[in-house]
Amino acid sequence: QVRLVESGGGEVQAGGSLRLSCEAPGRTFSTYIMGWFRQAPGKEREFVSGIGRSGGTTTYVESVKGRFTISRDNAKNTVYLQMSSLKPEDTGVYYCAARLAIYGSYVPARSAEYNYWGQGTQVTVST
């Protein structure tokens with residue numbers, strides 16, 4: 001079992017920045033591919049970004065490219081999502097997810113391919 005704990009959400013004005021963190025206590029963090037998803041009110045959960053086990057592979061949904069940056073620090077068992085130039089449409093609950101992957105660099109975008117989920121952190125972008 002992997003416990004994921006997100007932090008860093010909050011309310012910010014459009015154009016502002018936030019950094020989300022997701023900590024996964026344990027010594028096997030580097031064997032997990034990590035992803036960030038978000039869910040806006042009344043909408044389905046959508047993939048935002050993902051990162052491979054070593055951090056060498058990253059992927060983003062088109063709407064956040066150039067504004068969001070995902071990174072990880074395996075020594076700290078933590079994955080980050082730096083969000084800049086935030087827009088009201090970025091509002092939602094952001095979830096951290098983990099997928100066990102002993103080998104390979106495939107970073108999935110489907111939520112069903114992730115094994116573990118955090119409780120979510122609210123991000124609200126106001127105009």
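Worth knowing before you read on, the calculation uses all heavy atoms, side chains too, and leaves out hydrogens, waters and symmetry mates.
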Checklist entry - What pair of heavy atoms forms the shortest contact from Val2 to Ala24, and how long is it? => result CG1-CB, 4.2 Å

Next on the checklist: For Val107 and Ile51: C-alpha separation, side-chain torsions, deciding distance, then whether side chain to side chain contact (heavy atoms under 4.5 Å, CB included) applies.
Outcome noted: CA-CA 6 Å; Val107 179; Ile51 188 166; 6.0 Å; no

Checklist entry - Among Val79, Thr121, Val93, which one satisfies side chain to side chain contact (heavy atoms under 4.5 Å, CB included) with Glu6? => result Thr121

Checklist entry - Parallel, tilted or perpendicular: which describes the rings of Phe68 and Tyr94, with under 30° parallel and over 60° perpendicular? => result tilted

Next on the checklist: On a heavy-atom basis, which atom in Tyr80 and which in Ser21 lie closest, and how many Å separate them?
Outcome noted: CD2-OG, 3.4 Å

Checklist outcome for this item: Correct closest heavy-atom pair for Lys76 and Thr78 would be O-OG1, 2.8 Å

Checklist entry - Going from CG on Asn77 to CE on Met34, what distance comes out if it is rounded to the nearest 0.5 angstrom? => result 9.5 Å

Checklist entry - Do you reckon Phe29 sits in the same ILVMFWY cluster as Leu100, going by side-chain contacts under 4.5 Å, direct or chained? => result yes

Item to check | side-chain hydrogen bond (donor to acceptor under 3.5 Å, both in side chains) between Thr124 and Gln122, worked out | outcome: CA-CA 6 Å; Thr124 302; Gln122 177 71 44; 3.3 Å; yes

Checklist entry - Would you say Tyr95 and Phe47 are hydrophobically clustered, going by side-chain heavy atoms of ILVMFWY under 4.5 Å? => result yes

Checklist entry - How close do Arg53 and Ala101 get, heavy atom to heavy atom, and via which atoms? => result CD-O, 2.7 Å

Next on the checklist: Let me confirm one number: the OG1-NZ distance from Thr91 to Lys43, rounded to the nearest 0.5 Å.
Outcome noted: 10.0 Å

Checklist entry - If you look at every heavy atom in Arg72 and Gly52, which pair is closest and at what distance? => result NH1-O, 2.7 Å

Next on the checklist: So, taking the atom named CE in Met83 and the one named OG1 in Thr69, what distance separates them when rounded to the nearest 0.5 Å?
Outcome noted: 11.0 Å

Checklist outcome for this item: CD of Glu113 to OH of Tyr106, rounded to nearest 0.5 Å, is 3.5 Å

Next on the checklist: Any heavy-atom pair between the side chains of Arg45 and Trp117 that's under 4.5 Å?
Outcome noted: yes

Next on the checklist: Once rounded to the nearest 0.5 Å, what's the spacing between atom CG of Leu4 and atom OH of Tyr32?
Outcome noted: 9.0 Å

Item to check | Tyr60 (side chain) donor-acceptor with Gly66 (main chain) under 3.5 angstrom | outcome: no

Checklist entry - Can Leu18 be reached from Phe37 by stepping across I, L, V, M, F, W or Y side chains whose heavy atoms are under 4.5 Å apart? => result no

Checklist entry - Can you check whether Glu11 reaches Ser126 side chain to side chain, under 4.5 Å on heavy atoms? => result yes

Next on the checklist: So, taking the atom named CD1 in Ile33 and the one named OG in Ser54, what distance separates them when rounded to the nearest 0.5 Å?
Outcome noted: 10.0 Å

Item to check | Least distance between heavy atoms, Arg38 atom then Ser63 atom | outcome: NH2-OG, 3.5 Å

Item to check | Heavy-atom neighbours of Glu44 CD exceed 12 at 6.0 Å | outcome: no

